[in-house]
Number of protein chains: 2
Amino acid sequence: MEERDRLEAYLRDRGLKMTVARETVLRAFLGLERHVSAEELYDEARRLDPSIGQATVFRTIKLLADAGLAREACRDDGARQYEHAWKHGHHDHLMCVRCGAVVEFQDDAIERAQEAVYSAHGYVPGGHRLELLGLCPACAGTGGGKGSA
Amino acid sequence: MEERDRLEAYLRDRGLKMTVARETVLRAFLGLERHVSAEELYDEARRLDPSIGQATVFRTIKLLADAGLAREACRDDGARQYEHAWKHGHHDHLMCVRCGAVVEFQDDAIERAQEAVYSAHGYVPGGHRLELLGLCPACAGTGGGKGSA
DNA sequence: GTTGGTATTGATAATAGTTATCAATATACT
DNA sequence: AGTATATTGATAACTATTATCAATACCAAC
């Protein structure tokens with residue numbers, strides 16, 4: 001498993017250790033092909049190993065993020081969210097505010113325009129977060145416009 | 001004060017009342033020309049009226065957001081953040097990850113590209129959040145590249 | 001301006017998400 | 001296998017936020 005190797009390398013570089021708990025969290029994370037909160041990840045990890053502690057999951061997901069395996073985002077309602085980052089190219093999100101459906105997309109025009117903004121202000125690019133909100137076709141079709149007044 | 005009128009109209013529409021506490025929070029918010037957390041807003045509001053309660057500040061800033069006077073964002077470290085929204089045109093943020101400097105910008109090319117993404121996926125646009133991260137000229141100049149290896 | 005019904009307030013408790021503490025244990029290196 | 005040290009899980013602590021509730025302020029009607 002390439003991700004496991006990556007984590008092990010990361011740990012070794014820092015004098016840290018590869019443990020069964022960390023591997024459990026990694027497997028739980030990789031098994032969930034969507035955005036997860038630490039809480040959800042905890043639930044999944046417990047399915048793989050009921051003895052795992054919540055603190056460990058919190059600690060480990062942060063480690064995964066540092067190691068470049070997970071990407072951290074922030075959600076409106078408080079809980080932080082994590083998504084796969086390893087060999088998953090950069091992408092942004094298009095989310096339906098009604099049903100929560102998420103589309104991951106990548107758009108060169110947007111990326112280029114962002115580069116232009118960076119250089120216009122003399123900044124050195126270092127990542128970005130873009131979230132487009134709106135109504136998905138299904139929700140828009142079922143009267144999602146406003147109130148049905 | 002135009003903002004006060006806006007708030008009063010919003011409240012009246014909903015059968016709510018204009019109170020001194022709400023006006024205090026509004027003045028505190030308007031007086032801070034930057035992004036603030038509810039906590040910071042509480043501090044400022046207490047300067048104007050030491051008897052104001054924290055719960056009231058939390059309640060009121062949410063009200064301001066609903067009324068279109070404040071815009072809500074989420075920050076990495078947990079605390080929600082609010083910025084002026086009244087007669088402040090839409091803009092995105094360019095932030096220095098080292099010193100925290102924030103540039104507000106507006107870029108037509110990005111906006112247009114976003115519209116294209118919406119229609120490509122059949123979504124109805126409903127707002128977006130874009131945050132560009134990087135190093136500001138000052139921080140990039142003082143060896144902000146990586147480690148100074 | 002007084003009255004009265006209702007929204008609002010501030011203090012406090014409660015909650016959610018996350019982090020620190022710490023003794024027991026697992027890990028990696030020899 | 002032995003040993004130093006990083007890690008673990010349970011729990012307490014902490015931060016940001018929300019609910020509860022009796023006292024009070026607001027505003028419209030008189």
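Just so we're on the same page: letters track the sequence lines, and every chain starts at 1.
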With distance as the sole criterion, is a donor-acceptor pair present between the side chains of [X] and [Y] under 3.5 Å?
| X | Y | answer |
| --- | --- | --- |
| His91(B) | Gln106(B) | no |
| Tyr10(B) | Arg14(B) | yes |
| His90(B) | Glu111(B) | yes |

Quick one: [X] [atom1] to [N] [atom2], roughly how many Å, whole number?
| X | N | atom1 | atom2 | result |
| --- | --- | --- | --- | --- |
| Glu23(A) | dT7(D) | CD | P | 15 Å |
| Arg14(A) | dA6(D) | CZ | P | 14 Å |
| Leu41(B) | dT17(D) | CG | C1' | 14 Å |
| Gln54(B) | dT18(D) | CD | P | 11 Å |
| Arg22(A) | dT27(C) | CZ | C1' | 10 Å |
| Tyr10(B) | dA7(C) | OH | P | 15 Å |
| Glu72(A) | dT18(C) | CD | P | 9 Å |
| Gln81(A) | dG17(C) | CD | P | 12 Å |

Exercise for the section: Looking at every strand, decide which applies to Ala21(A) at a 4.0 Å heavy-atom threshold: base, sugar-phosphate, or nothing. Expected result: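 Ala21(A): backbone/sugar contact only, no base atoms under 4.0 Å.
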Practice task
May I ask you to say what Ser51(A) touches in the nucleic acid, namely base, sugar-phosphate or nothing, with a heavy-atom cut-off under 4.0 Å?
Solution key: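 Sugar-phosphate contact only.
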From C-beta outward on [X], which listed nucleotide comes closest to its side chain: [options]?
| X | options | answer |
| --- | --- | --- |
| Arg59(B) | dG10(C), dA6(D), dT17(D) | dG10(C) |
| Lys17(A) | dT7(D), dT19(C), dT17(D) | dT7(D) |
| Thr19(B) | dC26(D), dA28(D), dT18(C) | dC26(D) |
| Ile52(B) | dT8(C), dG10(C), dT18(D) | dG10(C) |
| Met18(A) | dA7(C), dT18(C), dA28(C) | dA28(C) |
| Thr56(B) | dT19(C), dT8(D), dT9(C) | dT9(C) |

Exercise for the section: Could you pick out which residue, Asp49(A) or Arg80(B), lies toward the 5' side of DNA chain D when each is mapped onto its nearest nucleotide? Expected result: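 The residue closer to the strand's 5' end, by nearest nucleotide, is Asp49(A).
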Problem - DNA chain D: 5'-proximal contact among Arg12(B) and Leu16(A) (nearest heavy atom) - result: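 Its nearest nucleotide being more 5', the pick is Leu16(A).
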Practice task
Check the hydrophobic clustering (I, L, V, M, F, W, Y; side-chain heavy atoms under 4.5 Å; chains of links allowed) and say if Leu41(B) and Met1(B) are grouped together.
Solution key: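 In one cluster with Leu41(B): Met1(B), yes.
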Exercise for the section: Find out whether the Lys NZ or Arg CZ of Arg80(B) is both under 6.0 angstrom from the six-membered ring centre of Tyr82(B) and within 45° of the ring's axis. Expected result: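 That pair does not qualify as a cation-pi contact.
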